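As the structure is a computational prediction, the values presented were derived from the model and not from experiment. Chain letters run A, B, ... following the sequence lines, proteins first and then strands; every chain starts at 1.
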Protein chains: 2
Amino acid sequence: MIRVAIAEDHQSLIDGINLLLKYEEDISVVGMVNDGEALVNLVNLKQPHVVLTDIKMPKMDGITACKYILKERPHTKVIAFTMFEDQGAVSEMIAAGAKGYLLKNSPLEDVLTAIKEVHKGGTFFDKTIDVEAASNPSGQGAKKSLLSKSEREILRLIGEGKSSSEIAEIRFNSVSTIEKHRKNMIRKLGLSGKGELLRYALETKYNFES
Amino acid sequence: MIRVAIAEDHQSLIDGINLLLKYEEDISVVGMVNDGEALVNLVNLKQPHVVLTDIKMPKMDGITACKYILKERPHTKVIAFTMFEDQGAVSEMIAAGAKGYLLKNSPLEDVLTAIKEVHKGGTFFDKTIDVEAASNPSGQGAKKSLLSKSEREILRLIGEGKSSSEIAEIRFNSVSTIEKHRKNMIRKLGLSGKGELLRYALETKYNFES
DNA sequence: AAAAACATACCCGTTAGGGGGTATTTTTTT
DNA sequence: AAAAAAATACCCCCTAACGGGTATGTTTTT
């Protein structure tokens, strides 16, 4: 019997997955939650074999939750289930230790296949994902984790609507430092215009709202 | 037998809805599509009684699709199914003639209830929605349609990443006109900073990407 | 017909963000 | 120990996007 936990902020989708798994003899859903913090608690409590988690969720995103889970219970198999067909998100998820990556525009059957596959010790990634490029960050052609720690933090603050001077205050930096980081990010990411960085922050980052 | 069409860009959610409706004797799903244009075609072809549609979809958003559908086939019952818990979106959808409004974080059972209800000639709106405020735009406390036609179009272009000068070229206006509209919108919407308008455009508009 | 809202377009001035540099210190990787 | 990457901070210069006005013609509403 495979014990499965699900984290996803759209209840309707959880219900759909449940309908699918209900008729599977060898799978039992041990819990369903709507945010990342609740997921971490649930895993510690119920100790599922497989975790299916969204990335963009309230309170804690799925990548962070994955790290917490695998630190506590390293044998848990984590599968990402998200709408981000984004190389960066895939890389981060793989780096965090995920064993699978599903897209919401794929058929629901894939969920079943993926759960069984990772439980057997394998992996399951959506066909559209280039696992090679995402998992080996050393390759020349890869855009990889591109941004450094500071840069990512600053990007997050940009996504929260902060100005450079506000960010400078928060991080105890000078304004020019923040602006330097902005410029470096724009160059690294190959962006052009003014609002582009904000657009990028809003569209890419998985953890805003609530 | 209630004939239902579904439009939704996440295949997994469609599959979930299908699992739910499959066991209903009096409901048959006549088609499922992943974008707004395909929905309009599907409705003309299969003439369903009830249409369940997402708002944010590729090619054409659900609000526009709803208008097209009801122009051609006024007796079709349209239900919005979306993650936007947004007064403006609800208002626009009601104005377009929708008979129901569901949220994706609600239980999937609601879909079933809503389909049956609207088919009987009724309406079904999620409990969290203030139908009164949304359907009568005259009320004093409502923020209503606030923005004028030109302003909305400019806001859409801002959401697409266009600069003021680019927008000016597209609309054959002077740059100062576009900037004037920007300022008026910022004032009307009570926004402050630089990126705020872009944030608003990205977060509010339902029809970007693809 | 009068009033209100909208669309157009200009003025002046300020500033945050960005393009393109350089430099120093710390951390990480090799 | 040496090299590379990251973090800090400054320089100059330029422009888009503001804030806050005014003005004029066109719709729309009352």
Side-chain angles (χ1 to χ4, degrees), chain A residues 88 91-92 95 136-140 142-204, chain B residues 95 136-140 142-203:
Chain A
S91 293
E92 285 193 58
N136 102 332
S138 48
Q140 22 63 285
K143 61 186 74 162
K144 221 217 77 160
S145 180
L146 259 185
L147 299 183
S148 70
K149 203 172 175 181
S150 295
E151 287 170 338
R152 279 195 299 272
E153 190 187 335
I154 291 170
L155 187 63
R156 186 175 55 76
L157 292 166
I158 291 172
E160 288 173 11
K162 305 280 191 298
S163 70
S164 289
S165 54
E166 286 172 323
I167 296 172
E169 272 186 43
I170 292 169
R171 289 175 46 91
F172 306 103
N173 293 139
S174 84
V175 178
S176 51
T177 299
I178 306 300
E179 284 175 345
K180 183 59 177 171
H181 282 305
R182 283 187 112 109
K183 291 166 196 172
N184 286 339
M185 281 191 274
I186 287 170
R187 187 172 39 72
K188 282 183 180 178
L189 296 169
L191 304 176
S192 54
K194 297 245 165 194
E196 289 292 283
L197 199 57
L198 177 56
R199 293 173 63 73
Y200 185 88
L202 290 175
E203 287 175 7
T204 308
Chain B
N136 99 332
S138 49
Q140 23 61 287
K143 63 185 73 163
K144 225 217 75 160
S145 182
L146 256 183
L147 300 183
S148 70
K149 201 172 177 180
S150 296
E151 287 170 338
R152 278 195 300 271
E153 190 188 335
I154 291 170
L155 186 63
R156 185 175 57 75
L157 291 166
I158 291 172
E160 289 173 11
K162 304 279 190 301
S163 70
S164 289
S165 54
E166 286 173 321
I167 296 173
E169 272 186 42
I170 292 169
R171 290 174 45 91
F172 305 104
N173 292 137
S174 85
V175 178
S176 51
T177 300
I178 305 301
E179 284 176 344
K180 183 59 176 171
H181 281 305
R182 282 187 113 109
K183 292 168 197 171
N184 286 338
M185 281 190 273
I186 289 170
R187 189 172 38 72
K188 281 185 181 179
L189 296 169
L191 303 175
S192 54
K194 296 239 165 195
E196 289 288 284
L197 197 58
L198 177 57
R199 293 173 61 73
Y200 185 89
L202 290 175
E203 287 173 7

State, without any angle test, whether B:S150 and B:S148 hold a side-chain donor-acceptor pair at a distance under 3.5 Å. no
Rounded interatomic separation in angstrom, taking CD1 from A:I167 and P from D:dA7: 14 Å
How close do B:R199 and A:G159 get, heavy atom to heavy atom, and via which atoms? NH1-O, 2.7 Å
Non-hydrogen side-chain atoms of B:I154 and B:L147 separated by less than 4.5 Å: no
Could you tell me the separation between the CD atom of A:E153 and the C1' atom of D:dA7, rounded to a whole number of Å? 12 Å
Salt-bridge contact A:E160-A:R156 (side-chain N to carboxylate O under 4.0 Å): yes
Classify the nucleic acid contact of A:L197 as base, sugar-phosphate or nothing, counting any heavy atom under 4.0 Å across all strands shown. nothing
Looking for any heavy atom pair under 4.0 Å, which part of the strands does B:T177 touch: base, sugar-phosphate only, or nothing? base
Going 5' to 3' along DNA chain C, which nucleotides are the first and last within contact of chain A (any atom under 4.0 Å from a heavy atom)? C:dG17 to C:dT22
Residue met sooner reading DNA chain C from 5', once A:K183 and A:E179 are mapped to nucleotides: A:E179
Establish, with yes or no, whether the OP1 or OP2 oxygen of D:dG19 is under 4.0 angstrom from a side-chain nitrogen or oxygen of B:R187. no
From CZ of A:R199 across to P of D:dA17 the rounded distance in Å is 13 Å
Nearest-Å distance for atom pair CG/C1', residues A:N184 and D:dA5: 11 Å
Quick one: are B:R171 and B:L157 in side-chain contact, heavy atoms under 4.5 Å? yes
Check whether any side-chain heavy atom of A:I158 sits under 4.5 Å from a side-chain heavy atom of A:R182, and report yes or no. yes
Euclidean distance, atom CD1 of residue A:I178 to atom P of D:dA9 [Å, nearest integer]: 8 Å
Atom CG of A:L198 and atom C1' of D:dA16 are separated, to the nearest Å, by 15 Å
Separation of D:dA16 atom C1' from B:I158 atom CD1, nearest Å, is 12 Å
Less than 4.5 Å apart, side chain to side chain, heavy atoms only: is that true for A:N173 and A:I167? no
Rounding to an integer number of Å, can you tell me how far B:I154 CD1 sits from D:dC18 P? 13 Å
For a quick test of reading the model: is some side-chain N or O of A:S148 closer than 4.0 Å to OP1 or OP2 of D:dA6? no
If you find the nucleotide of DNA chain D closest to B:L191 and the one closest to A:R171, which residue's nucleotide is nearer the 5' end? A:R171
Categorize A:K149 for me: base, sugar-phosphate, or nothing, with a 4.0 angstrom heavy-atom threshold over every strand shown. sugar-phosphate
Any side-chain N or O of A:S176 below 4.0 angstrom from OP1/OP2 of D:dC11? no
Would you say a side-chain N or O of B:S164 is under 4.0 Å from OP1 or OP2 of D:dA17? yes
